[in-house]
Amino acid sequence: MNNDFLVFGSPAIGDEEIDEVVDSLRSGWLGTGPKVARFEEMFKEYTGAKHAVAMNSCTAGLHLALIAAGIGTGDEVITSPMTFAATGNVILHSGASPVFVDIERETMNMAPGLIEEKITPRTKAILPVHFAGRPCDMESIMEIAKRHDLTVIEDAAHAVETRYHGKKIGTIGDITSFSFYVNKNLCTGEGGMLTTDNDEWADAFRIMRLHGISKDAWKRYSKDGFKHYEVLIPGFKYNMMDIQAAMGIHQLSKVERFLKRRNEIWEHYDRHLSALPFITPSPQENSTRHARHLYTLLVKADELKMTRNEFQERLYQQNIGTGIHFYALHLHHYYQKSLGYKRGDFPVAEDISDTTISLPLSPKLSDEDVGRVIDAVNRIVGQERQ
Ligand SMILES: *Cc1c(COP(=O)(O)O)cnc(C)c1O
């Protein structure tokens with residue numbers, strides 16, 4: 001057995017990223033500067049959005065999106081419980097309350113048919129999450145939003161490469177927030193990007209990400225001479241550094257190649273695991289592109305004769321790191337204690353939450369690594385069946 005631990009979500013960093021970061025370090029310009037501007041231009045071109053504004057995380061981006069959209073105390077935002085804590089937390093940070101709707105079993109995305117019954121006079125926005133990189137049913141969501149005059153803010157943390165009905169994610173909803181966290185499809189360590197076609201919001205994002213001081217405040221120390229600045233509103237410290245953008249520039253130029261590699265790994269898993277006591281991910285929907293961020297197996301505990309947690313532990317013992325995406329948000333301590341959610345509220349999300357496990361899918365994985373994962377799964381299944 002190969003004794004190296006296979007880390008889940010290990011980023012694929014090449015010499016290009018390393019050299020570019022070193023170039024930033026040598027230049028002395030570490031903070032928000034020309035490389036952030038270049039990365040934003042590239043991202044704009046890649047998505048086709050009118051504006052792309054870099055952040056220091058997707059979480060920060062979602063927070064600014066909610067604020068720019070005027071969401072605050074007493075408002076409600078409809079979202080999915082099958083997501084990372086950040087999605088719900090930022091709604092709370094804005095002063096609003098997250099209102100969850102259950103997901104569809106096949107797509108693990110919020111079920112559009114369940115949205116309208118959750119709309120109240122306080123509802124201000126819908127916040128869909130493109131789970132694992134599979135696009136939500138944006139046609140239905142945009143139609144509902146239009147009918148009820150709601151803003152659509154997309155959590156595209158998994159969805160840099162996602163396409164839906166001929167459009168890139170980042171050009172459909174009112175505002176979209178992407179993540180470049182370590183284990184995401186495009187990695188800058190920490191980092192994120194907001195896209196929007198709304199000029200006023202784009203201006204607001206640029207101002208609010210840097211203390212609320214006047215636009216292009218980062219230029220105040222440049223060779224163009226010291227620029228005096230003014231605080232327009234009490235903003236945040238959400239700006240991206242050039243050191244991060246240095247990675248992003250090269251990661252973005254590799255993003256399609258990385259997706260191709262993850263598609264190969266995905267097909268490999270499908271081919272070798274679908275006959276075993278798991279449910280493999282459903283195929284991508286017509287005229288969409290799945291960004292293949294997470295390969296989620298659902299454990300059939302009765303057939304496998306062990307729970308998901310036991311299965312995860314057995315993989316760990318065989319040096320295979322995995323992830324859980326996600327432990328449904330409404331089951332977390334705060335969401336139960338303070339918001340009154342409980343088990344039973346969203347049965348589909350809970351079932352996925354109890355049975356899902358994400359296998360390694362980094363484009364860095366060699367064929368041998370992928371083989372090790374498949375062998376380990378087979379060994380565990382085989383042992384149980386003896
Ligand atoms: C990772 C993640 C986020 C947060 O991204 P950061 O860049 O770490 O802030 C938000 N939503 C989902 C669904 C995520 O997976």
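Counting starts at 1 for both ligands and their atoms, following the listed order.
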Legend entry - Region of T87 that comes within reach of ligand 1 [heavy atoms, distance under 4.0 Å]: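 For T87, only side-chain atoms sit under 4.0 Å from ligand 1.
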Inset, instruction - Quick one: look at A157 and ligand 1, take heavy-atom pairs under 4.0 Å, and tell me if it's side chain, backbone, both or neither. - result: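 Side chain only.
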Legend entry - Passing candidate, side-chain hydrogen bond (donor to acceptor under 3.5 Å, both in side chains) with Y46, options E256, K168, E41: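 Among E256, K168, E41, the one meeting side-chain hydrogen bond (donor to acceptor under 3.5 Å, both in side chains) with Y46 is E256.
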Nearest to [atom], what protein heavy atom do you find, and at what distance?
atom                    : answer
atom 7 (O) of ligand 1  : S179 OG, 2.7 Å
atom 15 (O) of ligand 1 : H158 NE2, 2.7 Å
atom 1 (C) of ligand 1  : K184 NZ, 1.6 Å

Legend entry - Any N/O pair D155/ligand 1 closer than 3.5 Å: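 Yes: some nitrogen or oxygen of D155 is under 3.5 Å from one in ligand 1.
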Inset, instruction - Give a yes/no on ligand 1: does F326 have at least one heavy atom closer than 4.0 angstrom to it? - result: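 Heavy atoms of F326 do come under 4.0 Å of ligand 1.
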Inset, instruction - Would you confirm whether the ring centroid of F311 sits within less than 6.0 angstrom of the ring centroid of F278? - result: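 Between F278 and F311, the centre distance is under 6.0 Å.
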Inset, instruction - Would you confirm whether T162, through its side chain, and G133, through its main-chain N or O, come within 3.5 Å as a donor-acceptor pair? - result: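 Side chain of T162 to backbone of G133: a pair is present.
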Legend entry - Per atom 13 (C) of ligand 1, closest listed option by heavy atom (T83, N89, V90, L294):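 Residue with the shortest heavy-atom distance to the ligand atom: T83.
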Legend entry - Side-chain heavy-atom pair F178, M55 within 4.5 angstrom cut-off: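 Answer no - side chains too far apart.
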